[in-house]
Amino acid sequence: MAAPGENLRINSDRLWDSIMEMAKIGPGIAGGNNRQTVTDEDGEGRRLFKRWCDAAGLEMGVDEMGTMFARREGTDPSLPPVYVGSHLDTQPTGGKYDGVLGVLGGLEVVRSLNDLGIKTKHPIVVTNWTNEEGARFAPAMMASGVFAGVLDQADVYEHTDKNGKKFGEELERIGWKGTEKVGDRKIHAFFELHIEQGPILEDEGIDIGVVTHGQGLKWLQVTLTGKEAHTGSTPMPKRRNAGLGMARVIELVHEIAMDYQPDAVGAVGHMEVYPNSRNIIAGRTVFTIDIRSPEKEVLDAMDGRTREGIDTICDALDIQYKIEQVGHFDPVTFDAGCVKAIRDAAERLGYTHRNIVSGAGHDACWINRVAPTAMVMCPCVDGLSHNEAEEITKEWASAGADVLFHAVVETAGIEA
Ligand code: HGY
Ligand code: MN
Ligand code: MN
């Protein structure tokens, strides 16, 4: 399809103002956001997004996982749409841009097409995927995973948060459980704009990340069971300390990741200690191991070594363990045609660009299984994300949205 002229750009002020407006919903305690999935704040953010989509003349559909699909008609409505979007849910101590830039960047594409009076052959659908973060309800990329047929809807409806609330019930409670069957929609191509969440683009002074691959991920939830006992009167050799077990596993995960540098990563970010009393030896600990690598063989090796190590640690401490895999996707190779559309757009617009592998998981990683998919990345300050201090510049946001605009419009085809 014909490419848009290089002078076609989005409205930078409107995009930035919309991001700042959305940031007012579910504020954090340090300048970021706490708009976790299917909370009241998520519901409020969804309503704001819908008002903006209504104002842009888009037709809203919502599926049974709450994912929002805002459709701009094409001159040939029978053609499968080009989808563009990301997620509006945040981490509990999240930033203003993770996910939001991609959803509102997609809305800006449509708003700019409306301003310019441009019609596309394929319809365009701006998308807000439910529960990308997986922070409140595991796993991450939940709704896109159900859409791609890799997660079971009835199962994830039953997943609970730390207060025992069920995902499906919470989705219904906030009024965003739609009626559309998940995964029925046909996608011509999917594009996602996202902040890098790492330091490469900023360190190299590059405007645009052309995302060729996404690294694979495994989340292993571990439960260690020892015995609660008095921290003062229990002799050391008689202790069955689940807290000590967790500490050794955390060290093990770090050591294994360090064995596969420069790309592999590993950490434990979620930890629960019971009964969590100052003078009781921890009888039970529950924590989640997050290991990732761009290479499947490495990810599998890390998984195997981690499981062996946990067995050895627990044997030595006389504690029991249970390991549940609560998240997983293999490394992803994005669609060459979509990647080229992004690279050509950056080139045409005069933005510096480089190929990059996504360190974080994204909805695009799942949608890539059912449709040609690619991602555009912009830098973020100090590579910081999943931190309320997450920051980007207006220029970075605009450059990313310009490239998204061109890639989407070229793929959707301009009606002369
Ligand atoms: O965990 C991830 O990579 C994503 O931010 N949910
Ligand atoms: Mn994200
Ligand atoms: Mn995130």
Side-chain angles (χ1 to χ4, degrees), residues 19 22-23 26 28 32-37 42 45 67 84-106 127-146 148 150-151 156 159 190-198 209 211 213-221 257 263-270 288-294 299 325-332 356-368 373 375-380 383-392 397 400 404:
I19 293 169
M22 182 60 73
N33 275 112
N34 178 8
R35 194 173 53 244
Q36 296 181 65
T37 192
D42 182 18
T67 296
V84 57
S86 189
H87 62 92
L88 291 175
D89 67 301
T90 75
Q91 288 284 332
T93 53
K96 298 190 279 288
Y97 312 96
D98 174 358
V100 174
L101 176 62
V103 177
L104 301 187
T127 310
N128 168 30
W129 296 102
T130 300
N131 190 21
E132 187 282 339
E133 291 293 358
R136 183 185 177 198
F137 297 97
M141 293 87 80
M142 183 191 269
S144 51
V146 175
V150 289
L151 296 175
V156 298
H159 286 198
F190 175 62
F191 290 96
E192 181 169 4
L193 167 61
H194 207 287
I195 62 172
E196 179 197 340
Q197 301 182 292
V211 188
H213 300 79
Q215 69 176 344
L217 159 153
K218 282 197 178 192
W219 282 2
L220 305 177
Q221 180 167 301
D263 298 320
V265 291
V268 172
H270 153 242
T288 303
I289 295 167
D290 179 326
I291 48 176
R292 309 192 191 200
S293 168
L299 185 60
Q325 182 168 287
V326 295
H328 169 233
F329 57 85
D330 285 335
V332 167
I356 196 168
V357 174
S358 175
H362 302 284
D363 294 307
C365 297
W366 282 140
I367 302 308
N368 187 59
T373 297
M375 294 186 71
V376 194
M377 279 188 175
C378 77
C380 49
L384 190 63
S385 183
H386 285 196
N387 182 310
E388 290 206 42
E390 177 186 281
E391 259 319 324
I392 64 174
L404 184 74

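As the structure is a prediction and not an experimental result, all values here were calculated from the model. All ligand and atom numbering here is 1-based and tracks the order in the structure. When reading the values below, keep in mind they use all heavy atoms of this one structure, side chains included, and skip hydrogens, waters and symmetry mates.
- When distances to the Mn ion (ligand 3) are checked against a cut-off of 2.8 Å, Glu132 contributes no N, O or S atom below that limit.
- Between the Mn ion (ligand 2) and the N, O or S atoms of Asp98, the shortest distance is to OD1.
- No donor-acceptor distance shorter than 3.5 angstrom exists from the side chain of Ser86 to the backbone of Glu192, with no hydrogens or angles considered.
- The shortest N or O to N or O distance between His386 and ligand 1 is below 3.5 Å.
- A distance-only check finds a donor-acceptor pair linking the side chain of Asp89 to the backbone of Glu132 [under 3.5 Å].
- With the Mn ion (ligand 3) as vertex, His386 NE2 and Glu133 OE2 subtend 120°, rounded to 10°.
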**Asked** Can His87 and Asp98 be said to form a side-chain hydrogen bond (donor to acceptor under 3.5 Å, both in side chains), step by step?
**Response** CA-CA 8 Å; His87 62 92; Asp98 174 358; 3.1 Å; yes
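- Close contacts of ligand 1 with Ala360, meaning ligand atoms under 4.0 Å from a residue heavy atom, involve 3 (O).
- Not one N, O or S atom of His87 sits under 2.8 Å from the Mn ion (ligand 3).
- Side-chain N/O atoms of His270 and Gln221 include no donor and acceptor closer than 3.5 Å.
- The structure places CG of Asp42 at 7.0 Å from CG of Asn128, a figure rounded to the nearest 0.5 Å.
- The aromatic rings of Trp129 and Phe190 stand perpendicular to each other, their planes meeting at an angle above 60°, with 30° marking the opposite boundary.
- Where the criterion is an N or O separation shorter than 3.5 Å, residue side chain and backbone included, Gly361 meets it with respect to ligand 1.
- Near Glu133, with a cut-off below 4.0 Å to any heavy atom, the atoms of ligand 1 are 5 (O), 6 (N).
- In this structure, the side chain of Arg292 does not engage the main chain of Gln215 through any donor-acceptor pair within 3.5 Å.
- For a threshold of 3.5 Å applied to N or O pairs, the pair formed by Glu132 and ligand 1 contains at least one separation below that value.
- The distance criterion of under 3.5 Å between nitrogen or oxygen atoms is met by Arg292 with respect to ligand 1.
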